[in-house]
J.: 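One structure coming up, written as structure tokens, with questions to follow.
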Protein chains: 2
Amino acid sequence: MKPRATIRDVAKAAGVSLGTASRALNRAGRVSEDAIAAVTKAARQLGYEPDAVAQSMRTRSTGVIGLLVSDFANPLYARIITSVEASMQAAGYTLLLANTHNDRKREKALVETFRGRRVDGLILGPCEGESPELLERIDADLPVVALDRDFSASGTGVHVDHYHGALQATRYLLNLGHTEIALLTPGSVLRPGRDRIAGFEDAYRERGLTPNPKLIRAERSAMDYAFSEALGLLSAPQAPTAFMCLGTRILSGVLQALRHSGRSVPDDASVLSIGDTDLSQLFSPAITSLTWDFEAVGTALAQLLLKRLDRDLKAEPERIVLTTQMVLRESVASAQAPKNKAAPGASARRASQKADRAG
Amino acid sequence: MKPRATIRDVAKAAGVSLGTASRALNRAGRVSEDAIAAVTKAARQLGYEPDAVAQSMRTRSTGVIGLLVSDFANPLYARIITSVEASMQAAGYTLLLANTHNDRKREKALVETFRGRRVDGLILGPCEGESPELLERIDADLPVVALDRDFSASGTGVHVDHYHGALQATRYLLNLGHTEIALLTPGSVLRPGRDRIAGFEDAYRERGLTPNPKLIRAERSAMDYAFSEALGLLSAPQAPTAFMCLGTRILSGVLQALRHSGRSVPDDASVLSIGDTDLSQLFSPAITSLTWDFEAVGTALAQLLLKRLDRDLKAEPERIVLTTQMVLRESVASAQAPKNKAAPGASARRASQKADRAG
DNA sequence: CTGTTAGCGCATTCAT
DNA sequence: ATGAATGCGCTAACAG
């Protein structure tokens, strides 16, 4: 196995100096056409490929950007990341990916690792115990774009407006006569979770109602956990008549609990998914969802980072807020007419108009 | 913004030479406790962090491994990659990820890019137009582990035994009296697709039957595509009584087509999912699946690569084959008694015993 | 045990 | 337009 050809070999083969070869390869500075031709040919013959590590060392730029989320297999992240990757790949960047498992310590270690690897930029998803200061400190010498994450006053990031989303979805359910609504979303310490809870509670308050804190379950995102939580909720005296569920796993757990307890959707209980997925679309009945444009989140993330990478020093921070949309399907019915199997679509449509007016 | 501290700064602050600082930091060679203490302290005070790029340049090792699949948002891959990431992260490696979109050219370009970035190893998922030669050429100077990919005689990789899986699943359906079975799996040019089709056809042949080639649809993996294909199949004179569907998207399309055409599962048509997902578990009726252990695939991949990284030169190639499992649920019924709603479980159980004997 | 030196492969400056 | 020289930050080989 012969050692890889270096630019030195190319220069020698082309009969020029090392510097000229470099300039010819990068078409930088003044080089003659002859030199370019000779160097290009020699490079091809030798199968020369530049050593990106050496280039990075020299140029202080790696062409790599780091992406840290709690779990990139989570469908809610997977599509965002795919979209980021597409944009960054088109711009010539490659993605260094790692999962934080929502562990602050691990995140910190990974940020250090990535920074040590001299990534050109960082995209950070929400993580438990996140602190704006940490982000700002990092951002001081490494461009960081935050995803749905606390970023205090300054800082660049993309945010989904979970607050107004939850507000709208909760209003929608309240309009349908539901008063006992369960909100299952993990991470009340995370920005998305907190904002959802705030919107949820405000929707109650604006009607002069007080949300039942026991119906807000926000611990972990796991199917079996959601299953037992939902089961517990259902067996309580004031069983919820509607469930708002974040993500595939929680939705799964709730649907199983409902099935297990012999209740049918939406006749016995309404279900609303936060974050639309395959499951919510295909489930029968199809699940009404509060969702947002995952691809757009990824594009926005990439765009912001690219811009920051471009004017490499500190441009003014920028943030993009994306709104949520309600996708009305079949899993939500009026609380007043639980047995009105005939026209769930009609009642949903009617309620949607109300919700639109209210929102 | 002050420039980052280098090892030189640390050495100076600690009052030792550059070499001693390096040895102290890496605890390599002979260093006095005093030196270690002084250097460690200085490093901490200066906030020193080694420059991984410079280290890589010197050591010819980056601690990065590249991972190329067609689409890492695909649930079938997402869990495997998560598992790989966990293993590699534990071993101190980081993952460089990119999607090939199943495009041979793009894959080639990405392999070049990764190689240029001097990744320590590569994990390659199946890709259209894949050639064993390509892999072997790469593997000549860069450890490569293949995932479900053609690798001719030599080469390291992890394979799922899709052939016997399809054979078993098809036998199972044949035993239940289905003769018109549709097989929807993308990529007949990819190893997994080819092997599945081979197993499918052999199950027919061993009964002296000839599979209907029109029932094997293997073009693309997209929900709308699967939907229209399934619809077309259902309106044909010899409509299939059972569907084998690879992955979430195709399964989704087929289920929608079934619903759209007013057929119920499993009474009017049986459905078997290849690759178990949230959707197949939660769908009602729950979908009987042919699946495999995604986490184990990831672990095996990491283990093989780590071993190859260890004895860094060419150890003998190694491959791991993982078997598939049938998960019997509610979406498959006997073709003979389509209206026997009472005991689908029972008939399935009976059939499963037959399948076991047959396999 | 420690200091000094020599590159890793490359882009870039400064001469010419 | 080009060649020679410099050094990015680090580890490893060598000499003390």
Side-chain angles (χ1 to χ4, degrees), chain A residues 2-40 42-43 46-64 112-113 115-120 141 312, chain B residues 2-40 42-43 46-64 112-113 115-120 141 312:
Chain A
K2 58 181 177 303
R4 202 182 296 284
T6 73
I7 198 172
R8 190 168 237 113
D9 301 324
V10 174
K12 195 169 299 176
V16 299
S17 77
L18 189 151
T20 303
S22 172
R23 279 179 296 243
L25 256 8
N26 302 329
R27 277 158 183 63
R30 285 162 225 310
V31 216
S32 67
E33 288 303 321
D34 286 358
I36 293 187
V39 170
T40 308
L46 293 174
Y48 169 73
E49 252 195 291
D51 183 327
V53 172
Q55 287 179 319
S56 299
M57 163 103 114
R58 213 27 252 257
T59 62
R60 319 301 303 153
S61 156
T62 54
V64 173
E112 296 306 327
T113 302
R115 152 177 299 204
R117 293 199 193 284
R118 298 296 183 263
V119 295
D120 288 343
D141 65 347
D312 50 2
Chain B
K2 56 180 180 303
R4 202 183 297 283
T6 74
I7 198 173
R8 191 167 237 114
D9 302 324
V10 174
K12 197 169 298 177
V16 298
S17 77
L18 186 93
T20 303
S22 172
R23 281 179 295 242
L25 256 7
N26 302 328
R27 276 155 183 64
R30 287 161 223 309
V31 218
S32 66
E33 289 302 322
D34 287 359
I36 293 187
V39 169
T40 309
L46 292 175
Y48 170 73
E49 252 195 289
D51 183 327
V53 172
Q55 288 179 318
S56 300
M57 163 102 117
R58 209 33 250 249
T59 62
R60 320 300 304 153
S61 154
T62 55
V64 174
E112 295 306 327
T113 302
R115 152 179 298 205
R117 293 198 192 287
R118 299 297 182 263
V119 295
D120 288 345
D141 63 346
D312 50 0

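Lettering of chains follows the sequences in order, A, B, ..., and the numbering in each one begins at 1. As a basis for the values below, the full set of heavy atoms in this structure was taken, side chains included, without hydrogen atoms, waters or symmetry mates.
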J.: Taking everything shown except Arg8(A) itself, do over 12 heavy atoms lie less than 6.0 Å from its CZ?
T.: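 Atom CZ in Arg8(A) is not crowded, with 12 or fewer foreign heavy atoms closer than 6.0 Å.
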J.: With a 4.0 Å cutoff (strictly under), does any side-chain N or O of Gln55(A) reach OP1 or OP2 of dG9(C)?
T.: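 Checking dG9(C) against Gln55(A), no side-chain N or O comes under 4.0 Å of OP1 or OP2.
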J.: If you check the Ala35(A) side chain, which of dC10(D), dT2(C), dT2(D) turns out closest?
T.: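 The answer is dT2(D), which lies nearest to the side chain.
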J.: Of the nucleotides dC10(D), dG3(C), dA11(C), which has the atom closest to the Thr59(A) side chain?
T.: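 Out of dC10(D), dG3(C), dA11(C), the nucleotide with an atom closest to Thr59(A)'s side chain is dA11(C).
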J.: So which heavy atom on Asp120(B) is nearest to which on Ser61(B), and how close?
T.: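 Closest heavy-atom pair between Asp120(B) and Ser61(B): OD2-OG, 3.1 Å.
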J.: How many Å lie between CZ on Arg58(A) and C1' on dT6(D), as a whole number?
T.: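 Roughly 8 Å, once rounded to whole Å.
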J.: Rounding to a whole Å, what distance do you find between Asp34(A):CG and dG3(D):C1'?
T.: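 Spelled out: CG on Asp34(A) to C1' on dG3(D) is 17 Å.
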J.: Is any N or O donor-acceptor pair between the side chain of Arg4(B) and the base of dG9(D) shorter than 3.5 Å?
T.: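 Answer no: no donor N or O sits under 3.5 Å from an acceptor.
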J.: Under 4.0 Å between a side-chain N or O of Ser17(A) and OP1 or OP2 of dA4(D)?
T.: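 No, outside the criterion.
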J.: Looking at dT11(D), dT2(C), dG9(C), which one has an atom nearest to any side-chain atom of Thr6(A)?
T.: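 Within the option list, the nearest is dG9(C).
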J.: Mind checking if Ser32(A) touches a base, just sugar-phosphate, or nothing, with heavy atoms under 4.0 Å?
T.: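 Counting heavy atoms under 4.0 Å across all strands, the contact made by Ser32(A) is with sugar-phosphate only.
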J.: Once salt bridge (Lys or Arg N to Asp or Glu O under 4.0 Å) is applied, what residue pairs with a partner in residues 46-62 of chain A remain, sequence neighbours excluded?
T.: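 Every pair satisfying salt bridge (Lys or Arg N to Asp or Glu O under 4.0 Å) with a residue in residues 46-62 of chain A: Asp51(A)-Arg60(B), Asp51(A)-Arg118(B), Arg60(A)-Asp51(B).
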J.: Starting at atom CZ of Arg118(A), determine the distance to atom P of dC8(D), rounded to an integer number of angstrom.
T.: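 For the pair Arg118(A) CZ and dC8(D) P, the rounded distance is 14 Å.
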J.: Nearest whole Å is fine: how far is dC1(C) P from Arg27(B) CZ?
T.: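 Computing the Arg27(B):CZ to dC1(C):P distance gives 14 Å.
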J.: In whole angstroms, how far is the P atom of dA12(D) from the CD1 atom of Ile7(B)?
T.: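 Taking atom P of dA12(D) as the reference, CD1 of Ile7(B) is at 11 Å.
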J.: Please state how far atom CD in Glu33(B) lies from atom C1' in dC1(C), giving the value in whole angstrom units.
T.: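 Taking atom C1' of dC1(C) as the reference, CD of Glu33(B) is at 12 Å.
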J.: Would you say the base of dG3(D) and the side-chain of Arg23(A) have a donor-acceptor pair closer than 3.5 Å?
T.: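 Yes, a donor-acceptor pair under 3.5 Å.
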J.: Among dC10(D), dT2(D), dC10(C), which is the nearest nucleotide to the side chain of Leu18(B)?
T.: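 Output: dC10(D).
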J.: How many whole angstroms separate atom CZ of Arg8(B) from atom C1' of dG3(C)?
T.: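 So the two atoms are 13 Å apart, to the nearest Å.
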J.: Please figure out whether Arg30(B) or Met57(B) has its closest DNA chain C nucleotide nearer the 5' end.
T.: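 Closest to the 5' end, via its nearest nucleotide, is Arg30(B).
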J.: May I ask you to verify if any side-chain N or O of Ser22(B) is less than 4.0 angstrom from the OP1 or OP2 atom of dT11(D)?
T.: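 Answer is yes, contact under 4.0 Å.
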J.: Name the nucleic acid region contacted by Ala28(A), choosing base, sugar-phosphate or nothing; use a 4.0 angstrom heavy-atom cut-off, strictly under.
T.: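 Touches nothing.
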J.: Is any NZ, NE, NH1 or NH2 atom of the basic residue among Asp9(A) and Arg4(A) found under 4.0 Å from an Asp or Glu carboxylate oxygen of the other?
T.: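 A salt bridge is absent here (no side-chain N lies under 4.0 Å from a carboxylate O).
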J.: Starting at NZ of Lys12(A) and ending at P of dC10(C), how long is that distance when rounded to a whole Å?
T.: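 The answer, rounded to whole Å, is 13 Å.
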J.: To the closest 0.5 Å, what do you measure between OG (Ser17(A)) and NZ (Lys12(A))?
T.: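 Going from the OG atom of Ser17(A) to the NZ atom of Lys12(A) covers 12.5 Å.
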J.: Heavy atoms only: give me the nearest Ser22(A)-Ile7(A) pair and the separation to one decimal.
T.: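 What the structure gives for the nearest pair is CA-CD1, 3.4 Å.
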J.: Under 4.0 Å between any heavy atoms, over every strand shown, what does Val16(B) touch: base, sugar-phosphate, or nothing? Just pick one.
T.: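 If one applies the 4.0 Å heavy-atom cut-off, Val16(B) turns out to touch the sugar-phosphate alone, with no base involved.
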